[in-house]
Amino acid sequence: MSKLPADFYQKVYAVVRQIPKGKVTSYGAIAKAIGSPQSSRTVGYAMNASHNLENVPAHRVVNRNGVLTGKHHFSGTHAMQQLLEAEGIEVIDDQIINFEAHFWEPEVLEAKE
DNA sequence: GCCCTGACGCTCG
DNA sequence: ACGAGCGCCAGGG
């Protein structure tokens with residue numbers, strides 16, 4: 001029942017929206033938080049749709065290497081990097097410096113079966 | 001209804 | 001240690 005694909009998106013948005021300023025997380029962490037650690041790809045896919053939502057700071061979401069893999073999908077070329085730097089996160093060559101220090105692990109949402 | 005693509009991640013060579 | 005390939009889920013043509 002609550003396993004609808006659309007629900008998957010909502011979960012992703014919910015987690016990303018909870019990312020505090022100056023913090024970042026990875027697709028895999030979100031995927032795991034929503035109960036689908038293997039759906040890391042789908043998480044990124046959901047982020048693409050989240051572009052229409054302002055409540056979803058997609059620029060705070062990077063891959064497990066701390067690389068701005070999705071910056072290419074942003075408005076400009078370094079728009080994502082600019083946003084992260086504005087929050088105090090140092091980004092060089094699409095790579096977040098001290099990624100671990102800025103890493104924020106999302107809380108696991110309770111799946112309502 | 002089938003095939004391909006995609007903002008990832010892990011395993012194998 | 002590095003590179004290539006496969007698996008995962010969902011959407012679009």
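Keep in mind that the numbers below use all heavy atoms, side chains included, and drop hydrogens, waters and symmetry copies. Below, chains carry the letters A, B, ... as their sequence lines are ordered, and counting in each starts from 1.
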Touch class at under 4.0 angstrom, heavy-atom based, for F8(A) against every strand present: nothing

Nearest-Å distance for atom pair CG/C1', residues N48(A) and dA7(B): 7 Å

Between dC10(B) (P) and Q38(A) (CD): distance, integer Å: 11 Å

hbond_proxy S39(A) side chain to dC9(C) base (donor-acceptor, 3.5 Å cutoff): no

Reported CD1-to-CD1 distance for the pair I92(A) and I97(A), which is rounded to 0.5 angstrom: 4.0 Å

Nearest-0.5 Å distance that lies between atom NE2 in H51(A) and atom NE2 in H73(A): 8.5 Å

Sugar-phosphate only, base, or nothing, as touched by A58(A) at under 4.0 Å among non-hydrogen atoms: base

Rounded interatomic separation in angstrom, taking NZ from K71(A) and P from dC8(B): 13 Å

Distance below 4.0 Å between T69(A) side-chain N/O and dC8(B) OP1 or OP2: yes

Gap between atoms OH and P, on Y27(A) and dC8(C) respectively (whole Å): 22 Å

Touch class at under 4.0 angstrom, heavy-atom based, for H59(A) against every strand present: nothing

Which atom of I19(A) lies closest to which atom of R60(A), heavy atoms considered: O-NH1, 2.9 Å

For atom NZ of K32(A) and atom P of dC8(C), their distance in whole Å: 18 Å

Nearest-0.5 Å distance that lies between atom CZ in R17(A) and atom CD in Q10(A): 7.5 Å

Integer-rounded Å distance: dT5(B) C1' and M47(A) CE: 19 Å

Length of the CZ-P vector between R41(A) and dC8(C), whole Å: 12 Å

H73(A), nearest nucleotide to its side chain (from dG6(B), dC8(B), dG11(C)): dG6(B)

Separation of dA10(C) C1' from Y13(A) OH (nearest whole Å): 11 Å

Exam field: side chain Q95(A) to backbone N65(A), donor-acceptor pair closer than 3.5 Å: yes

